[in-house]
Amino acid sequence: MDEYVGLPRNHPESYHSYMWNNFFKHIDIDPSNAHILDGNATDLQAECDAFEKKIKEAGGIDLFVGGIGPDGHIAFNEPGSSLVSRTRLKTLAMDTILANAKYFDGDLSKVPTMALTVGVGTVMDAREVMILITGAHKAFALYKAIEEGVNHMWTVSAFQQHPRTIFVCDEDATLELRVKTVKYFKGLMHVHNKLVDPLYSMKEGN
């Protein structure tokens with residue numbers, strides 16, 4: 001999704017390190033099939049363009065999985081980002097820098113201020129999108145994502161217009177939603193489970 005600019009690839013807080021330590025090294029994947037933006041590339045724009053080209057050559061993204069920030073940003077598409085943006089260089093918002101300081105010993109001077117990131121349009125092109133939202137500190141962002149209109153100041157709201165997006169959240173993340181909204185979506189889950197269970201029973205019977 002994104003990578004800090006200027007942070008060494010082997011730095012424990014680089015997204016390259018994060019993805020390898022938390023995911024890639026635990027699964028059976030050919031390293032050549034793992035594509036992570038290079039924040040130390042000589043030509044950052046060329047790196048972004050090449051990333052978009054790789055996505056296109058691979059036939060597009062089947063499933064995009066990501067989280068959001070408390071201000072509703074997806075990847076590093078900070079508030080005010082274009083909702084049709086592509087992979088590019090972005091300056092990080094002060095709120096993001098402050099939030100990420102905990103990963104850099106609380107020292108703001110150590111937090112990168114720029115990053116390469118896929119654009120909102122890049123993610124919107126994925127065939128399916130799954131957004132993970134947990135915790136009360138992201139409850140207002142979830143509210144903005146589904147109960148208000150599409151707004152470039154809350155980039156996650158763009159996915160209201162995606163044909164196959166699912167928001168996965170915990171109870172705390174729903175605290176800002178209307179009770180009626182929460183009941184509606186829980187009702188859908190109940191109906192879905194009632195429809196799916198018989199299908200599994202039929203398959204097992206066959």
Side-chain angles (χ1 to χ4, degrees), residues 1-7 11-19 21-23 36-37 39 44 48 51 61 63-126 128-162 165-177 181-182:
M1 251 198 312
D2 42 37
E3 181 58 283
Y4 290 120
V5 169
L7 200 65
H11 189 286
E13 297 305 330
S14 76
Y15 285 100
H16 185 277
S17 293
Y18 180 87
M19 290 303 299
N21 293 332
N22 292 282
F23 185 44
I36 302 175
L37 286 159
L44 295 176
C48 294
F51 200 73
I61 298 172
L63 173 64
F64 184 97
V65 180
I68 63 169
D71 59 4
H73 73 259
I74 182 81
F76 273 135
N77 292 288
E78 303 282 32
S81 293
S82 166
L83 300 185
V84 295
S85 56
R86 312 305 300 187
T87 303
R88 68 209 185 287
L89 175 66
K90 280 290 292 182
T91 300
L92 303 184
M94 181 52 69
D95 283 349
T96 299
I97 294 172
L98 290 171
N100 289 349
K102 62 185 177 183
Y103 302 116
F104 294 86
D105 304 319
D107 187 345
L108 287 178
S109 67
K110 294 181 180 179
V111 184
T113 58
M114 303 188 80
L116 301 184
T117 180
V118 295
V120 179
T122 310
V123 184
M124 285 288 288
D125 283 347
E128 294 186 71
V129 178
M130 179 184 291
I131 307 295
L132 309 176
I133 306 175
T134 59
H137 64 300
K138 295 186 179 180
F140 193 66
L142 179 61
Y143 158 72
K144 286 287 187 177
I146 66 174
E147 286 198 346
E148 291 203 349
V150 176
N151 186 335
H152 70 287
M153 295 306 293
W154 296 84
T155 53
V156 68
S157 67
F159 298 98
Q160 292 179 26
Q161 298 183 320
H162 191 282
T165 291
I166 183 170
F167 289 87
V168 179
C169 55
D170 62 5
E171 288 287 339
D172 286 344
T174 69
L175 292 176
E176 295 286 348
L177 298 179
T181 300
V182 176

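Positions are given from 1, in the same order as the sequence printed here.
Formation of a donor-acceptor pair under 3.5 Å by the Glu128 side chain with backbone atoms of Ile166 is not found in this model. Of the possible donor and acceptor atoms, one in the side chain of Ser157 sits under 3.5 Å from a partner among the backbone N and O of Asn151. In this structure, the side chain of Lys138 engages the main chain of Ile68 through a donor-acceptor pair within 3.5 Å. Judged by distance alone, the side chain of Thr134 and the main-chain N or O of Asp170 form no donor-acceptor pair under 3.5 Å. Asp105 contributes no side-chain N or O that, together with a main-chain N or O of Asp107, makes up a donor-acceptor pair within less than 3.5 Å. Between the side chain of Asn77 and the backbone N or O of Val118, at least one donor-acceptor pair lies under 3.5 Å.
Contact record, Pro112 with Leu7: CG-CD1, 4.2 Å, taken as the closest heavy-atom pair. When all heavy atoms of Asp71 and Thr96 are compared, the closest pair comes out as OD2-OG1, 4.2 Å. When every heavy atom of Leu92 is checked against every heavy atom of Tyr4, the shortest pair comes out as CD1-CE2, 4.0 Å. Leu116 and Gly39 make their closest contact through CD1-CA, 4.1 Å (heavy atoms, listed as atom of the first residue, atom of the second, distance). In plain terms, the two heavy atoms of Cys48 and Thr87 that are nearest each other are CB-O, 3.4 Å. Nearest heavy-atom pair, Leu142 versus Ala173, reported as atom, atom and distance to 0.1 Å: CD2-O, 3.2 Å.
Expressed to the nearest 0.5 Å, how far CZ of Phe159 lies from CE of Met130 amounts to 13.5 Å. Summarising the geometry, atom CD belonging to Glu147 is positioned 5.0 Å from atom CG belonging to Leu177; distances are rounded to the nearest 0.5 Å. Here the CG-NE2 distance, from Leu37 to His16, works out to 11.0 Å after rounding to the nearest 0.5 Å.
In the displayed structure, Phe104 atom CZ is contacted under 6.0 Å by more than 12 heavy atoms of other residues, nucleotides or ligands.
Using a 4.5 Å heavy-atom threshold, the side chains of Asp125 and Arg86 count as touching. Between His11 and Ser17 there is no side-chain heavy-atom pair separated by less than 4.5 Å. Lys144 has its side chain out of reach of Met153: every pair of non-hydrogen atoms, C-beta onward, lies at least 4.5 Å apart. Under the 4.5 Å side-chain criterion, counting only non-hydrogen atoms from C-beta, Leu83 is in contact with Thr155.
Note: His73 and Phe76 have parallel aromatic rings, judged against thresholds of 30 and 60 degrees for the angle between ring planes.
Between Tyr143 and Trp154, the ring center distance fails the sub-6.0 Å criterion.
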